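A short write-up of the structure that comes next.
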Amino acid sequence: MEHAEKAKQLFMEGYNCAQAVLMAFEDVTGLDRETAAKLASSFGGGMGRMREVCGAVSGALMVLGLVEGYEDPKDPEAKKKHYERVQDFAARFREENGSIICRELLTGVSVKPGNAPEERTDSYYKKRPCPELVALAAGIVDRMFEH
């Protein structure tokens, strides 16, 4: 199963956007499902339902960091190279969707305020772009890894 398809499936199972993308790449990152789910759990709903950076973007950037990230804080060249990749991902995602911000991506979707997640009903899935966004984010990461 491709990462994009797997990310969409995981979202449809109830995982948040960030979890769905990060968990879809378990074969690449080496993270087990429980660790990946916990690591990405804070980033759903645009960071804890604050509707900031889209969870699919956050999950994708976690994958990029795990696979290509730098670890030496005294290596500015590695940091620069990685930040270029982060910005490349964001530009590609933004080009497809117009934004990387959750609330902007949910324009026209009525969202309830607060920190309680909404129930995942058929109506919830029909009105949200999230399944397509997690698939798109995973697909962008796959294309980036090809180069």
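The model shown is predicted, which means the values in this text are computed figures rather than measured ones.
In this structure, CG on L61 lies 10.0 Å from CZ on F43, to the nearest 0.5 angstrom. To the nearest 0.5 angstrom, H82 atom NE2 is 10.5 Å from Q87 atom CD. Remark: M23 CE to Q9 CD distance equals 10.5 Å, nearest 0.5 Å. One distance of note links SG of C130 with CG of L106; it measures 5.5 Å at 0.5 Å rounding. In this structure, the separation between CD1 on I140 and CZ on F89 is 4.5 Å, given to the nearest 0.5 Å. Atoms CG and NZ, on D75 and K79 in that order, are 9.5 Å from each other to the nearest 0.5 Å.
Looking only at distances, a side-chain donor or acceptor of D72 sits under 3.5 Å from a matching main-chain atom of K74. Side chain of Q19 to backbone of A40: no donor-acceptor contact under 3.5 angstrom is found. Listed for the E5 side chain is no donor-acceptor partner under 3.5 Å among the backbone atoms of E2. The backbone N or O of E26 sits nowhere less than 3.5 Å from a side-chain atom of R33 that would complete a donor-acceptor pair.
Of all the heavy atoms in C102 and R51, the pair that sits closest is SG-CD, 3.4 Å. When every heavy atom of C17 is checked against every heavy atom of A56, the shortest pair comes out as CB-N, 3.4 Å. In terms of heavy-atom proximity, V21 sits nearest to G59 at CG1-C, 3.8 Å. When all heavy atoms are compared, the tightest approach of F11 to A20 is N-CB, 3.7 Å.
Both M144 and I100 are members of a single hydrophobic cluster when ILVMFWY side chains are connected at heavy-atom separations under 4.5 Å. A single hydrophobic cluster is seen to contain both L133 and M12, as judged by linkage of ILVMFWY side chains at heavy-atom distances under 4.5 Å, directly or through other members. Note on L136: it clusters hydrophobically with V28, by side-chain heavy-atom contacts below 4.5 Å among ILVMFWY residues. Residue V141 is not grouped with residue Y83 when hydrophobic side chains (ILVMFWY) are merged at heavy-atom distances under 4.5 angstrom, including chains of intermediate members. Under the 4.5 Å side-chain heavy-atom criterion for ILVMFWY residues, a single connected hydrophobic cluster contains both L64 and V134.
Pairs passing the ring-ring contact (aromatic ring centres under 6.0 Å, His included) check and including a residue from residues 98-120, sequence neighbours excluded, do not occur. Among pairs with a residue in residues 92-107, those fulfilling salt bridge (charged side-chain N to carboxylate O under 4.0 Å, His left out) read E52-R103, D88-R92, at least two apart in sequence or across chains.
Side-chain contact between L66 and L22 is present, with heavy atoms from C-beta onward closer than 4.5 Å. Annotation: side chain of V63 is in contact with side chain of F145 (closest heavy-atom distance under 4.5 Å).
Applying the ring pair (Phe, Tyr, Trp, His ring centres under 6.0 Å) rule to F25 yields the partners H3; only residues at least two apart in sequence or on another chain are considered.
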As a quick check of understanding, evaluate salt bridge (Lys or Arg N to Asp or Glu O under 4.0 Å) for K38 and E34, giving each step before the final call.
CA-CA 6 Å; K38 286 182 177 181; E34 181 181 352; 3.1 Å; yes

